[in-house]
S.K.: 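I have a structure here, written as structure tokens, and I will follow up with some questions on it.
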2 protein chains.
Amino acid sequence: EKQKVSGIAYSAEEAKVTVVGLPDKPGIAARIFGVLSELNINVDMIVQSASVNLQKTDITFSLARLDLSKAVMSIANLKDELAFERLVHDDNIAKISVIGTAMRTQPGIAKCMFEVLSEKKINMQVISTSEIKISVLIQADYAELAVRSLHDAFGLDASD
Amino acid sequence: EKQKVSGIAYSAEEAKVTVVGLPDKPGIAARIFGVLSELNINVDMIVQSASVNLQKTDITFSLARLDLSKAVMSIANLKDELAFERLVHDDNIAKISVIGTAMRTQPGIAKCMFEVLSEKKINMQVISTSEIKISVLIQADYAELAVRSLHDAFGLDASD
Ligand SMILES: C[C@@H](O)[C@H](N)C(=O)O
Ligand SMILES: C[C@@H](O)[C@H](N)C(=O)O
């Protein structure tokens with residue numbers, strides 16, 4: 001495992017927005033990210049897991065803290081049009097990423113990352129993966145602890 | 001927008017599993033992906049959006065169709081230990097990705113991708129993004145239509 005992980009990245013000044021109870025039908029996400037794009041708000045992570053009853057689902061996205069209030073206000077204006085239930089947001093968020101190669105073929109990296117955070121009682125609020133990276137959003141207060149613990153667990157020097 | 005997108009990728013033989021109503025506390029995800037890692041099941045996307053009431057949340061992951069029944073059985077065995085509500089799965093899934101550079105600074109790419117799929121009435125069941133890629137899971141039947149429409153919209157030749 002150790003040689004496959006090349007580094008740990010984190011970004012502290014993040015915020016997250018979750019649009020709760022969206023109808024799960026074509027056009028909904030296009031409208032939300034259309035509005036954000038018109039306001040030139042840079043969104044980092046967009047995460048939607050599968051809806052269960054194929055009726056409603058939630059979409060979470062992360063962005064810079066300074067864009068949070070603009071994003072929340074613009075999406076709140078869509079409440080009637082999109083008929084979502086609620087809008088929640090949090091500006092005390094950090095993004096932590098484990099970066100490596102061929103993550104897909106290494107099921108043990110996710111397990112190791114999640115176990116390290118679990119041992120430190122750090123709750124993962126959002127999870128998103130790609131071939132080269134596993135990213136989680138956690139409470140910002142735990143960012144240093146998370147980064148240090150992950151460096152140790154993956155046998156990286158603090159400077160990686 | 002066009003010059004920032006370098007290609008469209010898709011993978012048809014996918015399946016997805018959603019673990020519904022998991023307690024949102026440290027250790028839960030570690031246990032699920034620990035079990036999958038022990039069985040040497042390669043997971044592709046892992047997606048969890050934020051829980052709303054900080055009590056329960058869902059985790060969706062995608063994997064090769066041939067690993068689906070092994071994964072479902074092993075997680076079903078964790079139902080009492082993890083106290084989740086339900087386990088749903090679907091083997092008629094394709095993953096479609098728009099690949100580009102510096103996606104984070106291009107809010108218009110997500111909007112464009114989502115609008116193209118919306119126009120073709122293709123529902124996005126799962127969404128996950130990274131700096132270089134936006135990936136969605138859709139019903140496998142629509143894979144060709146999605147890929148072709150996205151090629152057209154981003155001004156790519158069919159061979160990109
Ligand atoms: C919820 C939202 O993503 C919807 N499924 C869509 O395709 O727009
Ligand atoms: C739901 C699950 O991801 C939980 N939040 C954890 O940290 O394990």
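All chains are named by letter (A, B, ...) in the order of the sequence lines, taking the proteins before the strands, and each is independently numbered beginning at 1.
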S.K.: With a 4.5 angstrom heavy-atom cut-off, is it the side chain or the backbone of A:Ile46 that approaches chain B, or both, or neither?
M.R.: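 Both the backbone and the side chain of A:Ile46 come within 4.5 Å of chain B.
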S.K.: Hydrophobic cluster membership, with links at side-chain heavy-atom distances under 4.5 Å among I/L/V/M/F/W/Y: are B:Leu22 and A:Met113 in one?
M.R.: yes
S.K.: B:Leu117, B:Leu156: one ILVMFWY side-chain cluster at the under-4.5 Å cut-off?
M.R.: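 Shared cluster, yes.
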S.K.: Based on non-hydrogen pairs under 4.5 Å, which of B:Val20, B:Val35, B:Val126, B:Ile59 is most in contact with chain A?
M.R.: B:Val126
S.K.: Checking heavy atoms, do the side chain of B:Ile41, its backbone, both or neither come under 4.5 Å from chain A?
M.R.: backbone
S.K.: Take A:Arg31 and B:Glu115 through the salt bridge (Lys or Arg N to Asp or Glu O under 4.0 Å) test and state the conclusion after the steps.
M.R.: CA-CA 8 Å; A:Arg31 186 72 180 106; B:Glu115 281 177 357; over 6 Å; no
S.K.: Mind checking whether B:Lys121 and A:Lys25 have side chains closer than 4.5 Å, heavy atoms only?
M.R.: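 Heavy-atom side-chain distance check fails, nothing below 4.5 Å.
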S.K.: Of the listed residues (B:Leu36, B:Ile122, B:Val88), which shares the most heavy-atom pairs with chain A below a 4.5 Å separation?
M.R.: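 When all of B:Leu36, B:Ile122, B:Val88 are compared, B:Ile122 has the most.
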S.K.: When heavy-atom pairs shorter than 4.5 Å are enumerated against chain A, which of B:Ala30, B:Ser128, B:Gly34 gives the highest number?
M.R.: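 Most pairs with chain A among the choices: B:Ala30.
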S.K.: Do A:Val116 and A:Tyr142 share a hydrophobic cluster, counting only Ile, Leu, Val, Met, Phe, Trp and Tyr and linking them when any side-chain heavy atoms are less than 4.5 Å apart?
M.R.: yes
S.K.: Do B:Leu63 and B:Met45 sit in one hydrophobic cluster, given that two such residues count as connected whenever their side-chain heavy atoms are within less than 4.5 Å of each other, even indirectly?
M.R.: no
S.K.: Using non-hydrogen atoms and a 4.5 Å limit, figure out which bit of A:Glu131 sits close to chain B: side chain, backbone, both or neither.
M.R.: side chain
S.K.: Is it the case that one hydrophobic cluster holds both B:Leu87 and B:Met73, taking links as side-chain heavy atoms less than 4.5 Å apart, direct or via other members?
M.R.: no
S.K.: Given a strict heavy-atom distance threshold of 4.5 Å, which part of A:Thr57 is in contact with chain B: side chain, backbone, both, or neither?
M.R.: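 Contact with chain B is absent: no heavy atom of A:Thr57 under 4.5 Å.
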S.K.: Quick one: of A:Ser130, A:Ser118, A:Ala110, A:Ser135, who has the most non-hydrogen atom pairs under 4.5 Å with chain B?
M.R.: A:Ser118
S.K.: Can you see which heavy atom on A:Asn123 is nearest to which on B:Asp24, and at what distance?
M.R.: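 Reported closest heavy-atom pair: ND2-OD1, 3.1 Å.
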S.K.: How many angstroms lie between CG in A:Asp44 and OG1 in B:Thr129, if you round to the nearest 0.5 Å?
M.R.: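 Answer rounded to 0.5 Å: 6.5 Å.
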S.K.: Say you draw a straight line from CZ of A:Phe33 to CD1 of B:Ile134; how long is it, rounded to the nearest 0.5 Å?
M.R.: 9.0 Å
S.K.: When you measure from the side chain of B:Gln48 to the backbone of A:Gln125, do you find a donor-acceptor pair of N or O atoms at a distance under 3.5 Å?
M.R.: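 Judged by distance alone, yes, a pair lies under 3.5 Å.
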S.K.: Answer yes or no: is there a side-chain heavy-atom contact under 4.5 Å between B:Val47 and A:Ile127?
M.R.: no
S.K.: Would you say A:Thr60's side chain and B:Ala50's backbone share a donor-acceptor pair under 3.5 angstrom?
M.R.: yes
S.K.: Taking atom CG of A:Asp80 as the centre, does the number of heavy atoms from other residues, nucleotides or ligands within less than 6.0 Å exceed 12?
M.R.: no
S.K.: Side chain, backbone, both or neither: which part of A:Ile28 has a non-hydrogen atom closer than 4.5 Å to chain B?
M.R.: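 Nothing of A:Ile28, per the 4.5 Å heavy-atom cut-off to chain B.
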S.K.: What's the spacing between A:Phe114 CZ and B:Ile32 CD1 if we round to 0.5 Å?
M.R.: 9.5 Å
